[in-house]
Amino acid sequence: MNSIFEKNINALKLKNEELAQKILTHIVTDVPQIVQENGFYNLIYKNIYLHNKENPLAEAKEIFSGATNDPVSIHVIYGLGLGYLFQIATSNSQGTVILYEPDLNILRIVFTLVDFSNDIFKKNVFITNNIEKVGEYIYQKSNTKNNPLLLSTIGTRSLNEKDFDKLVETLHKMVGMYTLDRKYTQKRFYPSLAHLIYNIPKLVTEIPLTTIKDVYKNKTAVIVSAGPSLDKNIETLKKYRDNYVLIVVGTAMKTLAKHQIKPDFLCIIELFDSSKQIEGLDLSDINFVTEPASNKNYRLFKFKNVFSHVSDNFPVNKFWQEITGIETSEYYSKGTVSYTALNIARILGCSKIILVGQDLAYLEGQCYSKDSAYKDLECFFNKESNRWEIRAKNFENFRDTISTNIDINKRELIAKNRLKSLNSSLYYVKGINGDMLPTESVYAAFIPPMVEFAKKYDDREYINTSLVGAQIDGFKNLPLEEALKDSPFVEKNDLKINYTYDINRIYLGIKNYIEKFSEAINKIQEGQNLVRKIKNEIKRNRSINVDILKILKNLSSNFIDLSTNYAKENQLFEYITISERIELDYEMKMLKEFNLENVATIIEKFSNYYNTAEKRIYAINKLLNLSLGKINEIINTKSE
């Protein structure tokens, strides 16, 4: 084995064993040609120079110099070539370098020519030939303040022009998903935890959905969303109503109710209060499926049964799983209620899953079904701004639909902000007919998880009846009539399940966390004292001296101990401080010069972290004690 090749492979095995094995066993079918021109080596592959003919090193330096380079940067290098750009990046990047080279021919040959072992060994360097792996690496390193930067030579892009365009589109969608997920992580953990803890007295009456696993085995499920195409399928839904299990998401419930179509299951998982979607409806004969941390107001409605879908990949649910001991591996979600509905249908055992109103695009000016909760939204092309925009046809109706706040000014602000958000995130997706359709970036981000779901659970049939919306690979595109005509009759099932939780275990679990928070308060107060001390020193000296830097070092140690070591022991602490922790961690990484202004700024971040943590601990402890008292009442009632 070539010594250079062996060094590269051994280094790669430590980072990506699977790729190393692929390269080892790969038989080259198209050999790249190495040439020397103008004092530089170059690579010709499929009759294309992969680097600049005149000066490939200068080309690489120029490409990298145009990229943002700081400790949180993510530099995605598309194409290895002879490694000029890759090695410039690994030598200079302050952040993360991800090499994506999909062609094993190039990897196999170039690994015998150039020693990359020192580059590969670096902790901030990742190599893959798989776009999904690129996504994993980006997700590991991304936050809401950075986006990956795609760097490549003109030659590499020319070699794979179609693949490059597809890569850009794929990365765009990935970043959309990850940004959504990160924002959800940062902004939703604390309120989600607060809702979950508040909901505990109700949660103990809710039935884990897996207790009715496969109850509709080999039956057909129809999942109804509120896309514009729903309106065209109403009569067909009525015609075959006895031949499928009907799962509806909240936004489409009023449309079905208007047409006297009763679902078997209603699914709402939102943290914010969207109870307006179902307000005024008789839901007493409908099963409700929700998450433990969903808004408390949904539990004020009377349902036939309430089933709990405890998504295993939503960290806050780990708390509920821990104190109850329930199994959560069957539950999975991707932040969209339609994905949760897919998983509900899978758990129920349905062998054919049909989507209705799952357009994921704005069609003929409509954003939602004409009878849905958000019927007042429309998408139109503004000739003055030369772009698609979203507006409310009746702003007052939209304002009063989107929020239940009693203050009209606050409702108006919420509605305006929602419109602003929708317009700032307009995106285009490939339609079923091959055209590009306007949509919201969040909807575009929903498509890959649904494709992934169909691929992961490929033991059943998936059908999308939109016919005019976004293309969802893995789903057949069929009219609803054709999709339902052979579906067997579904017998009615009251689903009366006798399920009880270990209430004593829940009581002890809550009590344990109340006791854990006392340790955090001590550490927080220590950090607050250090913040006050360093502020006084800065005020007194008006400059940065050794004493201030020593206090800053102690403050950093306290933060690391609290946010890392203690947070491992108390997962609730991590959930309530994650947003501020990520913000502070980012600022610490970006701190390059310890001048007065920079130190004062980061001290304010420390102050915010400790003060927010203290405030939230008291709030969470209050909720824990409230739920503990109600659980204790349940225990006492049972013992009487």
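The figures here come from the full heavy-atom set of this structure, side chains too, leaving out hydrogens, waters and symmetry mates. In what follows, residues are counted from 1 in the order of the sequence shown. Just so you know, these numbers come straight off a predicted model, no measurement behind them.
The closest side-chain heavy-atom distance from Leu209 to Thr211 is not below 4.5 Å. For the pair Met253 and Ile286, the minimum side-chain heavy-atom distance is below 4.5 Å. A heavy-atom distance below 4.5 Å is found between the side chains of Arg411 and Ile408. Within the 4.5 Å cutoff, side-chain heavy atoms of Lys416 are placed close to those of Phe395. Between Asn343 and Phe453 the shortest side-chain heavy-atom distance falls below 4.5 Å. Annotation: side chain of Leu484 is not in contact with side chain of Asn243 (no heavy-atom distance under 4.5 Å). Contact of the Ile497 side chain with the Asn305 side chain is not registered, since no non-hydrogen atoms from C-beta on lie closer than 4.5 Å. Contact annotation: the side chain of Phe303 approaches that of Leu266 to within less than 4.5 Å [non-hydrogen atoms, C-beta and beyond].
Each of Asn317, Asp502, Val310 was scored for a side-chain contact (heavy atoms from CB on, under 4.5 Å) with Ile326, with one residue passing: Val310. Considering Val429, Ile472, Leu355 in turn, Ile472 is the only one that fulfils the side-chain contact (heavy atoms from CB on, under 4.5 Å) rule with Leu360.
Residues passing the salt bridge (Lys or Arg N to Asp or Glu O under 4.0 Å) test with Glu322: none are found, sequence neighbours excluded. Remark: Lys485 engages no residue in a salt bridge (Lys or Arg N to Asp or Glu O under 4.0 Å) (not counting sequence neighbours). Legend: residues meeting salt bridge (Lys or Arg N to Asp or Glu O under 4.0 Å) with Lys304, ordered by chain and number and at least two apart, are Asp285, Asp494.
Note that CG of Leu203 is 6.0 Å distant from OG of Ser308, once rounded to the nearest 0.5 Å. Remark: Asn218 CG to Ser487 OG distance equals 12.0 Å, nearest 0.5 Å. To the nearest 0.5 Å, atom CG of residue Leu196 and atom OH of residue Tyr575 are 10.0 Å apart. Note that CD1 of Ile510 and CG of Leu624 are 6.5 Å apart. Values are rounded to the nearest 0.5 Å. Rounding to the nearest 0.5 Å gives a distance of 5.5 Å between CG of Leu572 and CD1 of Ile197. If you take CZ on Arg188 and CZ on Phe314, they are separated by 8.5 Å, rounding to the nearest 0.5 Å.
Residue pairs meeting the ring pair (Phe, Tyr, Trp, His ring centres under 6.0 Å) criterion with at least one member in residues 463-484, sequence neighbours excluded: Tyr462-Phe475. Screening residues 195-209 for side chain to side chain donor-acceptor pair (under 3.5 Å), with sequence neighbours left out, gives Glu206-Arg299. Within the structure, the side chain to side chain donor-acceptor pair (under 3.5 Å) test picks out the following pairs touching residues 446-460 (sequence neighbours left out): Lys334-Glu452.
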Show your working on side-chain hydrogen bond (donor to acceptor under 3.5 Å, both in side chains) between Glu291 and Ser311 and close with a plain yes or no. CA-CA 7 Å; Glu291 288 276 348; Ser311 293; 2.4 Å; yes
Do Asp231 and Ser229 pass the side-chain contact (heavy atoms from CB on, under 4.5 Å) test, and can you show the C-alpha distance, the side-chain angles, and the key distance before you say yes or no? CA-CA 5 Å; Asp231 299 327; Ser229 68; over 6 Å; no
Take Asn464 and Val356 through the side-chain contact (heavy atoms from CB on, under 4.5 Å) test and state the conclusion after the steps. CA-CA 7 Å; Asn464 184 12; Val356 174; over 6 Å; no
Please lay out, stage by stage, how Lys254 and Glu279 fare under the test salt bridge (charged side-chain N to carboxylate O under 4.0 Å, His left out). CA-CA 9 Å; Lys254 286 193 174 181; Glu279 188 178 65; 5.4 Å; no
Can Phe319 and Tyr513 be said to form a ring pair (Phe, Tyr, Trp, His ring centres under 6.0 Å), step by step? CA-CA 10 Å; Phe319 166 62; Tyr513 271 102; 5.4 Å; yes
Does the salt bridge (charged side-chain N to carboxylate O under 4.0 Å, His left out) test come out yes or no for Lys318 and Glu574, once each step is laid out? CA-CA 12 Å; Lys318 298 295 183 185; Glu574 169 70 357; over 6 Å; no
Let's go through Ser274 and Tyr298 carefully: what are the C-alpha distance in whole Å and the side-chain angles of both, what is the deciding distance for side-chain hydrogen bond (donor to acceptor under 3.5 Å, both in side chains) to 0.1 Å, and is it a yes or a no? CA-CA 8 Å; Ser274 59; Tyr298 307 142; 2.7 Å; yes
I'd like to know whether Ile261 forms a side-chain contact (heavy atoms from CB on, under 4.5 Å) with Val224, so could you lay out the CA-CA distance, the side-chain angles of the two residues, the decisive distance to 0.1 Å, and finally the verdict. CA-CA 11 Å; Ile261 301 174; Val224 173; over 6 Å; no
Test log, rule side-chain contact (heavy atoms from CB on, under 4.5 Å), inputs Ile234 and Thr255: CA-CA 9 Å; Ile234 292 296; Thr255 299; 4.1 Å; yes
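Defined by atom type and a distance below 3.5 Å, a donor-acceptor pair is missing between the side-chain atoms of Asn297 and Ser275. A donor-acceptor pair shorter than 3.5 Å cannot be found between the side chains of Glu327 and Thr210. With hydrogens and angles left out, the side-chain atoms of Thr128 and Asn130 include no donor and acceptor closer than 3.5 Å. Side-chain contact annotation: Asn233 with Glu481, donor-acceptor N/O pair under 3.5 Å absent. For the 3.5 Å distance criterion, the side chains of Ser466 and Gln358 fail to qualify, holding no donor opposite an acceptor. Between the side chains of Glu491 and Asn493, no donor-acceptor pair is found at a separation under 3.5 Å.
In this structure, Lys238 places its NZ atom where more than 12 heavy-atom neighbours from other residues, nucleotides or ligands lie under 6.0 Å away. The environment of CD1 in Ile406 is sparse: at most 12 heavy-atom neighbours from other residues, nucleotides or ligands sit within 6.0 Å. Lys213 NZ: more than 12 foreign heavy atoms inside a 6.0 Å radius. In this structure, Glu18 places its CD atom where only 12 or fewer heavy-atom neighbours from other residues, nucleotides or ligands lie under 6.0 Å away.
Side-chain N or O atoms of Tyr332 include none that pairs as donor or acceptor with a backbone N or O of Thr340 at under 3.5 Å. Panel note: side chain Arg346, backbone Glu330; a donor-acceptor pair is recorded below 3.5 Å. A distance-only check finds no donor-acceptor pair linking the side chain of Asn433 to the backbone of Asp435 [under 3.5 Å].
With respect to Arg616 and Glu580, a salt bridge is recorded, a charged nitrogen being found less than 4.0 Å from a carboxylate O. Salt bridge annotation for Arg241-Asp264: present, with a cationic side-chain nitrogen under 4.0 angstrom from a carboxylate oxygen.
Less than 6.0 angstrom separates the ring centroid of Trp320 from the ring centroid of Tyr501. Phe307 and Phe288 have their aromatic ring centers separated by at least 6.0 angstrom.
Counting all heavy atoms, side chain and backbone alike, Ala345 lies closest to Ile223 at CB-CD1, 4.4 Å. Taking all atoms of both residues into account, the shortest heavy-atom contact from Val316 to Phe189 is CG2-O, 3.8 Å.
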